Amino acid sequence: MLSEDSKFMKPYNPLETEKRIYEMWEKSGYFNPGNLPSRSDLAARDTTSMPTFTIIMPPPNANGRLHAGHALFVTLEDVMTRYKRLRGYKALWLPGTDHAGFETQVVYEKKLEKEGRSRFELTREELYAEVMKFTLDNKANTEADLRSLGASCDWSREKFTLDADIIKTVYDTFKQMSEDGLVYRGKRIVNWCTKHQTSLSDLETNAETRTDKLYYMQYGPFVIATSRPETKFGDKYVVMHPDDARYSQYKDGDKLPVKWLEGEITATVVKDEAIDMEFGTGVMTITPWHDMADFEIAKRHNLSGVEVIDKNGKLTDVAGEFKGLKIEVAREKVVERLKELELLVKEETYEHNVITCYKCNRILEPRIMPQWFVKMEPLAKPAIEAVKNGEIKIIPDFQEKIYFHWLENIRDWNISRQIAWGIPIPAKICANPGCDYGVVDLDNSVSGKCPKCSEGELVIDPDTFDTWFSSGQWPYATLHYPDHSDFKEFYPTDVMETGQDLIFFWVSRMIMLGLYRTGKVPFKNVYLHGMVRDGGRQKMSKSKGNVISPVDIGEQYGTDALRMALVVGNTPGTDLALAEEKIKGYKLFANKLWNITRFVLSNTDTEGRPRAPRGLTSVTLTEADQKLSDHFEEILQDVTKDLDNYRFHLASEKMYHYVWDEFASVILEDSKNIFFGQDEEAKISRARFLTETLEKILIVLHPFMPFITEEIWQSLGKGSLLMIEPWPIK
RNA sequence: GCACCUUUAGCUCAGUUGGUUAGAGCGUACGAUUCACAUUCGUAAGGUCGCAGGUUCGAAUCCUGCAAGGUGCACCA
């Protein structure tokens with residue numbers, strides 16, 4: 001019998017167990033693939049020729065605690081890594097944390113606001129130092145949270161996105177791209193957030209449908225329609241479709257005198273096919289400085305424009321007496337003035353979309369600024385090809401369509417950000433605000449007058465990189481491209497597992513930059529998970545009070561229970577409803593496993609019945625037990641196939657059902673009859689089957705429920721670590 | 001506007017590349033047990049697989065159309 005003080009006489013206590021087990025794993029050194037022992041069940045004779053399996057962890061933003069979404073990615077990647085490790089691979093899961101540029105600065109600005117301070121009271125250096133301290137504090141929390149979730153990642157290789165070697169790689173890429181003509185500095189229209197005082201990429205914007213007024217105004221012989229009369233000061237081009245019969249008397253380039261806001265001006269007629277003849281009157285004036293579409297038209301016809309709205313969202317000198325007014329106020333006043341001048345024809349309401357900042361939801365002001373851009377088309381083509389030819393497989397496969405669609409219509413990427421928290425752009429720019437000259441300068445060796453305008457001094461670019469420009473290089477940067485042995489051994493990596501919301505932001509950019517810099521794909525498989533929602537499919541949010549904190553839940557129900565709840569029934573690309581009841585259910589499962597062990601140990605290790613499980617391998621199984629064993633073998637084959645094909649939701653559920661509904665409910669119940677009966681042969685046969693099968697169950701469940709399985713394994717007196725046991729079938 | 005996803009039991013979801021009477025968890029009803037189980041075990045009820053066509057010997061699964069919900073992308077002032 002088990003002794004009275006055996007741990008199996010009490011229910012499983014995850015809180016007491018998990019930390020101890022994690023420390024044991026970490027101390028073993030086996031998170032580092034270089035330390036893994038050679039395996040006799042593999043063809044390989046030593047670790048250097050063992051097959052590798054590599055996942056680079058998507059680095060969590062070091063600006064808060066881990067949430068349920070993080071718990072999902074940790075679980076999935078840990079399942080993959082642990083499975084491959086058990087299979088005998090040199091499994092590397094390389095962890096990291098992200099300074100998360102704009103994201104973190106926004107979080108920090110909110111913190112400042114709460115304290116009654118503002119980012120703009122601080123110098124860039126002061127702000128940088130404060131955010132760095134905040135980030136490093138959070139980084140430590142993030143690492144602790146990853147450990148508590150059981151992440152079997154190689155801490156000896158951990159990277160931070162601001163590590164000096166990462167920055168060097170990013171700089172080298174920037175320089176190379178500049179030399180290859182893929183990076184250029186130009187005055188282009190960008191999305192400007194007046195709150196955050198930075199430009200944003202197209203991805204960092206939201207479109208919001210609003211109902212606004214559309215104003216019809218007399219503009220010389222034309223009536224034009226606009227929703228933004230306050231921007232119309234400098235408008236001197238009037239545009240219409242070349243095929244519009246209503247205006248066929250006007251020719252491209254015609255000059256007309258027009259009575260306008262600022263008095264008598266000369267308007268120039270422009271014919272462009274971008275004009276929708278159905279909309280409004282089919283005539284509009286253009287504002288190249290503050291409208292994307294207008295900018296495109298202006299570019300086509302080489303038209304000039306003026307800045308009407310400044311960085312703070314206020315009107316400039318061009319607006320004369322309206323100078324300094326905020327947009328909303330200015331709009332009303334300008335409309336009043338138009339009425340006085342009898343230029344306002346009519347007002348209508350209409351529905352249209354406005355582009356807003358994805359962080360603060362304020363309307364973004366398009367404006368023209370000199371910025372660094374990446375030419376995307378040459379990068380996109382090979383990235384499309386890599387997926388089309390199967391070098392990279394995306395799971396779920398429908399995401400491939402979304403990927404192609406985006407890359408085939410891609411526009412150049414603005415990588416300049418006017419924020420302090422980030423990697424500085426290593427370049428000199430012309431101090432003359434009217435000039436857009438810039439030159440990459442990694443070693444701070446360029447100075448003097450601007451060679452383009454020969455007016456401005458060359459000064460250090462105060463801007464930082466869009467954080468996705470650096471994280472897009474994460475796979476090869478973390479493996480120390482180009483010369484390090486890690487890069488040679490582990491690149492291309494096997495799986496990139498991340499949220500499907502990152503397919504454009506991150507995945508596609510890693511593919512493009514990886515192919516560009518290394519000539520190879522950064523990973524062979526992309527596994528995209530959905531969002532974690534609450535039990536009623538609602539988004540988790542602090543204000544709704546439905547947030548499930550993985551660390552708290554882990555303490556309450558056990559991390560293994562949380563991990564099972566995150567995996568079972570969770571298909572890639574589909575959002576997961578995570579109810580507390582579900583987690584509770586897997587806590588019961590953990591308890592079940594615990595008690596199964598208790599039963600097996602007490603019945604195979606007691607006087608008068610078979611003991612010493614290690615001696616049982618020579619026992620011949622009865623016909624009945626052989627059948628049970630064969631059936632379990634089938635389950636194992638099936639589950640292994642699921643794991644090989646990324647069907648973790650099926651593998652975990654099948655094991656759950658086998659363990660509970662067959663092994664426990666049927667086989668253990670039946671075993672009671674055998675053990676309390678007289679057939680000694682049947683007893684030792686069953687004892688062998690139970691001990692062997694339990695051990696295999698522990699191995700196969702280990703990727704999903706690492707803590708309890710290891711804890712049980714340690715109690716079996718095997719003297720080994722479950723984490724590196726060989727998988728029970730070939 | 002375009003694209004993509006979803007639609008299966010009261011709720012949340014599976015259904016492994018078309019194949020016997022469609023499954024799970026939770027919930028519900030009834031019963032049993034406390035002899036591995038801070039419990040567990042058994043039994044049961046409950047589904048026109050969104051709707052309408054089509055392909056097929058055979059469709060939840062493939063095709064077409066429609067509807068509802070969701071997401072993404074792009075835009076016309």
Side-chain angles (χ1 to χ4, degrees), chain A residues 2 8-13 202-203 205-207 212 214-217 224-229 231-232 235 239 241 274-287 291-294 296-297 350 352-355 396-406 408-411 500-501 503-504 530-531 533-537 564-565 568-571 573-582 584-603 638 641-642 644-647 649-654 656-657 660-661 664-666 668-669 671-672 676:
Chain A
L2 286 172
F8 291 104
M9 301 309 284
K10 282 180 278 180
Y12 174 60
N13 182 348
D202 294 332
L203 285 177
T205 65
N206 287 326
D212 281 315
L214 185 65
Y215 303 92
Y216 286 79
M217 304 172 327
I224 60 163
T226 183
S227 60
R228 303 205 56 187
T231 65
K232 293 289 159 195
D235 287 14
V239 195
H241 198 281
I275 300 299
D276 180 355
M277 289 190 267
E278 306 290 313
F279 189 91
T281 56
V283 186
M284 66 177 214
T285 61
I286 59 168
T287 313
D291 186 282
M292 299 280 179
D294 291 5
E296 294 296 324
I297 294 171
Y350 84 125
H352 69 147
N353 285 347
V354 293
I355 307 298
D397 55 4
F398 70 78
Q399 290 283 352
E400 292 183 358
K401 288 182 212 164
I402 296 171
Y403 171 85
F404 292 140
H405 184 257
W406 188 69
E408 279 159 8
N409 298 290
I410 198 160
R411 297 197 293 180
Q500 60 183 338
D501 52 327
I503 186 157
F504 305 139
M531 198 189 288
R533 296 168 177 270
D534 78 0
R537 300 202 67 231
M564 281 295 277
V568 177
N570 185 7
T571 44
T574 306
D575 289 352
L576 171 77
L578 181 66
E580 203 166 324
E581 285 301 313
K582 188 175 179 188
K584 209 186 264 179
Y586 291 106
K587 179 193 164 74
L588 292 177
F589 179 60
N591 194 51
K592 192 79 182 172
L593 197 60
W594 191 252
N595 284 296
I596 285 169
T597 308
R598 178 172 166 185
F599 177 90
V600 171
L601 288 183
S602 6
N603 287 290
D638 197 22
K641 209 171 142 198
D642 285 336
D644 283 334
N645 290 290
Y646 303 93
R647 295 190 293 255
H649 62 295
L650 294 184
S652 50
E653 194 177 10
K654 281 170 188 170
Y656 171 87
H657 280 119
W660 197 311
D661 297 334
S665 296
V666 177
L668 289 199
E669 287 302 324
S671 301
K672 290 176 188 171
F676 288 96

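Below, read A as the first sequence line, B as the second, and so on, with proteins coming before strands; counting in each chain starts at 1. Since we're looking at a predicted model, the values are computed, not measured.
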**Student:** Please state the P separation for the pair B:C2 and B:A60 - nearest whole angstrom.
**Tutor:** 31 Å
**Student:** Please report, rounded to the nearest Å, how far the P atom of B:C26 is from the CE atom of A:Met564.
**Tutor:** 13 Å
**Student:** Check ring-ring contact (aromatic ring centres under 6.0 Å, His included) between A:Tyr215 and all other residues, then give those that pass, not counting sequence neighbours.
**Tutor:** none
**Student:** Between A:Leu601 and A:Phe8, does the side chain to side chain contact (heavy atoms under 4.5 Å, CB included) criterion hold? Intermediate values first, please.
**Tutor:** CA-CA 9 Å; A:Leu601 288 183; A:Phe8 291 104; 3.8 Å; yes
**Student:** Using a cut-off of 4.0 Å on non-hydrogen atoms, how would the nucleic acid contact of A:Phe8 be classed: base, sugar-phosphate, or nothing?
**Tutor:** nothing
**Student:** Say we look at B:G27 and B:C41: how far apart would their P atoms be, to the nearest angstrom?
**Tutor:** 13 Å
**Student:** Using the P atom as the point on both nucleotides, what is the distance between B:U61 and B:U7, in whole Å?
**Tutor:** 12 Å
**Student:** Base, sugar-phosphate, or nothing: which does A:Ala664 touch, judged by heavy atoms less than 4.0 Å apart?
**Tutor:** base
**Student:** Under 3.5 Å, which protein N or O atoms sit close to an N or O of nucleotides 8-15 of chain B? Give each pair with its distance.
**Tutor:**
from  : atom 1 : to       : atom 2 : distance (Å)
B:C13 : OP1    : A:Arg537 : NE     : 2.4
B:C13 : O2'    : A:Gly569 : O      : 3.3
B:A14 : OP1    : A:Thr571 : OG1    : 2.5
B:G15 : OP1    : A:His649 : NE2    : 3.1

**Student:** Are A:Ser227 and B:A77 close enough that a side-chain N or O sits under 4.0 Å from OP1 or OP2?
**Tutor:**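 So the side-chain polar atoms of A:Ser227 never come under 4.0 Å of the phosphate oxygens OP1 or OP2 of B:A77.
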**Student:** Taking the C1' atom in each of B:G18 and B:C49, what is the distance between them to the nearest angstrom?
**Tutor:**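 That atom pair is separated by 15 Å.
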**Student:** Quick one: side-chain contact (heavy atoms from CB on, under 4.5 Å) partners of A:Ala577, sequence neighbours excluded?
**Tutor:**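 A:Arg537.
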**Student:** Suppose we screen for ring-ring contact (aromatic ring centres under 6.0 Å, His included). Which residues come up paired with A:His352, at least two apart in sequence or across chains?
**Tutor:** A:Tyr350
**Student:** Report, one pair per line, the protein and nucleotides 27-32 of chain B atoms (nitrogen or oxygen only) whose separation is under 3.5 Å.
**Tutor:**
none

**Student:** Taking the same atom, P, in B:A3 and in B:A74, what whole-Å distance lies between them?
**Tutor:**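 Comparing P positions in B:A3 and B:A74 gives a spacing of 16 Å.
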**Student:** Output all residues satisfying side-chain contact (heavy atoms from CB on, under 4.5 Å) with A:Asp235, sequence neighbours left out; order by chain, then residue number.
**Tutor:** A:Lys232, A:Thr285, A:Thr287
**Student:** Return the value, rounded to whole Å, for the distance between atom CG of A:Asn409 and atom P of B:C4.
**Tutor:** 13 Å
**Student:** Which listed nucleotide (B:A38, B:A36, B:A74) is nearest to the side chain of A:Asp202?
**Tutor:**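 Taking heavy atoms from C-beta onward, the closest nucleotide is B:A74.
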**Student:** What's the NZ-C1' distance between A:Lys582 and B:C26, to the nearest Å?
**Tutor:** 11 Å
**Student:** Would you mind telling me which of B:A77, B:C41, B:C73 lies closest to the side-chain atoms of A:Asp276?
**Tutor:** B:A77
**Student:** Please verify the inter-ring angle class for A:Trp660 with A:Tyr656; under 30° counts as parallel, over 60° as perpendicular, anything in between as tilted.
**Tutor:** tilted
**Student:** Let me know the distance between CZ of A:Phe404 and P of B:A3, rounded to the nearest Å.
**Tutor:**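 Rounded to whole Å, this separation is 17 Å.
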**Student:** My understanding is that only residues two or more places apart in sequence, or in another chain, count here; which of them pass ring-ring contact (aromatic ring centres under 6.0 Å, His included) with A:Tyr216?
**Tutor:**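 A:Tyr216 satisfies ring-ring contact (aromatic ring centres under 6.0 Å, His included) with no residue once adjacent residues are dropped.
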**Student:** Between atom NE2 in A:His405 and atom C1' in B:C5, what is the gap in whole Å?
**Tutor:** 15 Å
**Student:** So what does A:Glu669 hit on the nucleic acid, given a heavy-atom distance under 4.0 Å: a base, only sugar-phosphate, or nothing?
**Tutor:**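 If one applies the 4.0 Å heavy-atom cut-off, A:Glu669 turns out to touch a base.
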**Student:** For A:Trp406 and B:A3, is the shortest distance between a side-chain N/O and OP1 or OP2 below 4.0 Å?
**Tutor:** no
**Student:** Please state how far atom CD1 in A:Ile410 lies from atom P in B:C73, giving the value in whole angstrom units.
**Tutor:** 12 Å
**Student:** Round to a whole Å and report the spacing from CZ of A:Arg598 to P of B:A38.
**Tutor:**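 The answer, rounded to whole Å, is 7 Å.
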**Student:** Report which part of the nucleic acid A:Lys587 touches: base, sugar-phosphate, or nothing (heavy-atom distance under 4.0 Å, all strands).
**Tutor:** nothing
**Student:** Suppose you measure atom P in B:G10 against the same atom in B:U55; what distance do you get, rounded to whole Å?
**Tutor:** 32 Å
**Student:** Of the nucleotides B:A36, B:A77, B:A38, which one has an atom closest to the side chain of A:Ile596?
**Tutor:** B:A36
**Student:** For A:Asp276, give me all partners under salt bridge (Lys or Arg N to Asp or Glu O under 4.0 Å), at least two apart in sequence or on another chain.
**Tutor:** none
**Student:** Considering residues at least two apart in sequence or located in another chain, which fulfil the salt bridge (Lys or Arg N to Asp or Glu O under 4.0 Å) criterion with A:Lys584?
**Tutor:** A:Glu581
**Student:** Using side-chain contact (heavy atoms from CB on, under 4.5 Å) as the criterion, list what pairs up with A:Met9, not counting sequence neighbours.
**Tutor:** A:Leu2, A:Glu4, A:Ser6, A:Arg598
**Student:** Applying a 4.0 Å non-hydrogen cut-off, can you work out what A:Asp642 is touching in the nucleic acid: base, sugar-phosphate, or nothing?
**Tutor:** base
**Student:** Could you check how far CG of A:Leu668 sits from P of B:C41, rounded to whole Å?
**Tutor:**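 In whole Å, B:C41 P and A:Leu668 CG are 11 Å from each other.
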**Student:** Mark yes or no for whether A:His405, through its side chain, and A:Lys401, through its backbone, hold a donor-acceptor pair below 3.5 Å.
**Tutor:**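 Looks like no, no N/O pair under 3.5 Å.
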**Student:** For the C1' atoms, the ones on B:A52 and on B:A45, what distance do you get once it is rounded to whole angstrom?
**Tutor:** 31 Å
**Student:** Hey, is the main chain of A:Lys587 close enough, under 3.5 Å, to the side chain of A:Asn591 for a donor-acceptor pair?
**Tutor:** no
**Student:** With nearest nucleotide decided by heavy atoms, which residue, A:Phe398 or A:Lys641, maps closer to the 5′ end of RNA chain B?
**Tutor:** A:Phe398
**Student:** Could you tell me whether a side-chain N or O of A:Asp575 sits under 3.5 Å from a main-chain N or O of A:Met531, the two making a donor and an acceptor?
**Tutor:**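 The answer is yes, because a donor-acceptor pair under 3.5 Å joins these two groups.
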**Student:** Which residues satisfy the side-chain contact (heavy atoms from CB on, under 4.5 Å) test with A:Lys10, sequence neighbours excluded?
**Tutor:** none
**Student:** Among the candidates B:A77, B:G42, B:A36, find the nucleotide nearest to the side-chain atoms of A:Ala225.
**Tutor:** B:A77
**Student:** Which of the following nucleotides, B:A36, B:A77, B:C73, is nearest to the side chain of A:Leu203?
**Tutor:**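 That would be B:C73.
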**Student:** Is there a side-chain polar atom (N or O) of A:Lys672 under 4.0 Å from OP1 or OP2 of B:A36?
**Tutor:**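 True: A:Lys672 side-chain N/O within range (under 4.0 Å) of B:A36 OP1/OP2.
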**Student:** Could you write out RNA chain B as a dot-bracket string, with dots for unpaired bases, | for bases paired across to another strand, and Watson-Crick or G-U pairs counted at under 3.5 Å?
**Tutor:** (((((((..((((.....[...)))).(((((.......))))).....(((((..]....))))))))))))....
**Student:** Output yes when at least one side-chain N/O atom of A:Asn591 is less than 4.0 Å from OP1 or OP2 of B:U40, else no.
**Tutor:** no
**Student:** Is the shortest side-chain N/O distance from A:Asn603 to OP1 or OP2 of B:A36 below 4.0 Å?
**Tutor:**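 So the side chain of A:Asn603 is outside the cut-off, no N or O lying under 4.0 Å from OP1 or OP2 of B:A36.
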